[in-house]
Protein chains: 2
Amino acid sequence: MEKEKPPFDTLDQGSGIFIPNVSVDCIILGFDSGRLKVLLCKFKVSEKWMLPGGFVAKDEDPDESALRVLKGRTGLEDVYLRQFYFFGKKGRIGVEENADMLKRFNIREDKGQWYTDRFISLGYYSLIKYNEAQLFTNEEYEEAGWFDINEIPSLYADHKEIIDTAMSTIRRQIGFIPMGYELLPEKFTMPELRCIYEAILGREIDRRNFQRKMLSIGYIQPLNETRKAGAHKSPNLYTFIKEKYAEAEKYGIQVMSNNF
Amino acid sequence: MEKEKPPFDTLDQGSGIFIPNVSVDCIILGFDSGRLKVLLCKFKVSEKWMLPGGFVAKDEDPDESALRVLKGRTGLEDVYLRQFYFFGKKGRIGVEENADMLKRFNIREDKGQWYTDRFISLGYYSLIKYNEAQLFTNEEYEEAGWFDINEIPSLYADHKEIIDTAMSTIRRQIGFIPMGYELLPEKFTMPELRCIYEAILGREIDRRNFQRKMLSIGYIQPLNETRKAGAHKSPNLYTFIKEKYAEAEKYGIQVMSNNF
DNA sequence: ACAAAAGTGTTTGCCTTACACCCATGA
DNA sequence: TCATGGGTGTAAGGCAAACACTTTTGT
């Protein structure tokens, strides 16, 4: 599988190429202007936004399918990507909702049959650098956009539940996930890093304690540069020590307590 | 789906009943004589042990499939069961290994085709009370047995990796899992409870500190009974306060730090 | 000079760790 | 009475929470 095809192709030709009844959905997270954001897509013929997703080709590992979706949507490769849950309940996608989708695309019910079956969705979340991502869509029939994690619109099927599950997984595992390293550019400020943790944990973190904790772990290196940022003291710039972060995830070292 | 059928039926008639390319594998954990144990099965015609597993019927939620497997193997219902990971890499089951399996069961290749395809396995782990479990097998063609978690024999396909992943998931989440409540009988001693945590964390825990910590959380009630246990002081019996434990899992309260 | 936000230091209290001591039981 | 293992107490150290104070910058 090289490139994602337009959905009308995929939907009615899919039954030979893909593993039936299995899909992949991606929570793609980025950080911009102090906000944690999710990438969502929408078919123009549809009203509801949905998670970028796809199917697992017969010659693909599920991880590869997710990476293909990610590359197709953002142009990015080598991204941080982890499975977090699967969603397979019978009623998870409304029957009408799906039939409606086929109708809007003018796909005959028999050809689209494999699509209206129940699907088991493999949930992945991914952390990317917002400013490196492009938004690829086929502008004829779809749109894409970043949404503040706290302002998600009404979504297709159980996709809101999938996002909630992803977020609570990340919240529980925050100590083992190199959030900052994956979401921030090479050089970043301490308030930016803190902002990410605040967005995920959903509460304020003491500025002073956060800074001390982060620096004490030894994964962050202060640079002798600052960044101008308005009518106040310019914050220092920092950078991650990559090797240390890799260790942290591998051996499960506590990067940050979740008891802030 | 009421009852698991013998594998020769399942394997060659399965293609109509089950969702193709999807399976369910269960790590069933029990605690006996101070040891954490896993339930494994083996077809008599096969050399390798494997995880108890099954397929997802077209009218089942995956959770229900796992519960059906569990009930079929142990007779237990209402057990603690959680998904923890999925395994779907192309090469995860050796092609020969599977072809071999069909041959041993005298199933024609075309009929068993759906089985030798690549499968995406949904991984579940389950905590049960060892002494309440029976071991159901069809003695004609299979066997089942409990294995010490540290003495797993050579397993079919990637099942060892699945167990390892389950254990490391449990280890990371130990603070949120009511291990003791699910694995121990109603009345238990503090050394027994500690033993479980030691088995999972793979190291010794200070007897005195463990006891104080457990009691301080308030989920455990001391009973005014002891249990005779050899040439030394009889340990107290304790019991869990069920409601408190339910809260713990729901709201993610730290039952136990993993920094022992 | 002042407001706003960043950086540094200090105090307090709790939790973990380590370990000393006592108790109960069977050989 | 001794070995074995369970139960209670305590002291030391480390970490986190709260907060005071200093620094920098634009208006």
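Chain identifiers are assigned alphabetically (A, B, ...) following the order of the sequence lines, protein sequences preceding nucleic acid strands; residue numbering begins at 1 within each chain. Note that the structure is predicted; figures quoted are calculated from it, not measured.
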Would you mind reading off the distance between [X] atom [atom1] and [N] atom [atom2], rounded to a whole angstrom?
X: A/I205; N: D/dA16; atom1: CD1; atom2: P; result: 13 Å
X: A/L215; N: D/dA16; atom1: CG; atom2: C1'; result: 16 Å
X: A/M214; N: C/dG7; atom1: CE; atom2: P; result: 14 Å
X: A/F210; N: C/dT8; atom1: CZ; atom2: P; result: 15 Å
X: B/R227; N: D/dG5; atom1: CZ; atom2: P; result: 17 Å
X: B/E225; N: C/dA24; atom1: CD; atom2: C1'; result: 17 Å
X: B/D206; N: D/dG6; atom1: CG; atom2: C1'; result: 13 Å
X: A/R212; N: C/dA6; atom1: CZ; atom2: C1'; result: 14 Å

*Which pair of non-hydrogen atoms, one from B/D25 and one from B/G53, has the smallest distance, and what is that distance?*
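Closest heavy-atom pair between B/D25 and B/G53: OD1-CA, 3.7 Å.
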*For D/dG6, take OP1 and OP2 only and decide whether either is under 4.0 Å from a side-chain N or O of B/N236.*
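Answer no for this pair, as no side-chain N or O of B/N236 is under 4.0 Å from OP1 or OP2.
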*Can you tell me if the side-chain N/O atoms of B/K213 get under 4.0 Å from OP1 or OP2 in C/dT16?*
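For C/dT16, OP1/OP2 do have a side-chain N/O of B/K213 under 4.0 Å.
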Got a list of side-chain donor-acceptor pairs under 3.5 Å for residues 160-167 of chain B, not counting sequence neighbours?
unit_1	atom_1	unit_2	atom_2	d
B/K160	NZ	B/D164	OD1	3.0
B/K160	NZ	B/D164	OD2	3.3
B/T165	OG1	B/E161	O	2.8

*Should the heavy atoms of other residues, nucleotides or ligands under 6.0 Å from CZ of A/R35 be counted, would the total exceed 12?*
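Result for CZ/A/R35: open.
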*From D/dA17, D/dG7, C/dG7, pick the nucleotide closest to the side chain of A/N209?*
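In terms of side-chain proximity for A/N209, the closest of D/dA17, D/dG7, C/dG7 is D/dA17.
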*What nucleotide, of C/dT10, D/dT8, C/dC19, holds the atom closest to the side chain of B/Q211?*
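Per side-chain heavy atoms of B/Q211, the pick is D/dT8.
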Not counting sequence neighbours, which residues clear salt bridge (Lys or Arg N to Asp or Glu O under 4.0 Å) with [X]? List them please.
X: A/D63; value: B/K89
X: B/R207; value: none
X: B/E77; value: B/K71

Without placing hydrogens or testing angles, list every side-chain donor-acceptor pair under 3.5 Å for residues 182-190 of chain B, not counting sequence neighbours.
unit_1	atom_1	unit_2	atom_2	d
B/K187	NZ	B/E225	OE1	3.3
B/K187	NZ	B/E225	OE2	2.9
B/T189	OG1	B/E192	N	3.3

*Summarise how protein sits on nucleotides 21-27 of chain D as a single string, 5' to 3': B when a protein heavy atom is under 4.0 Å from the base, S for sugar-phosphate-only contact, - for no contact.*
--BBBS-
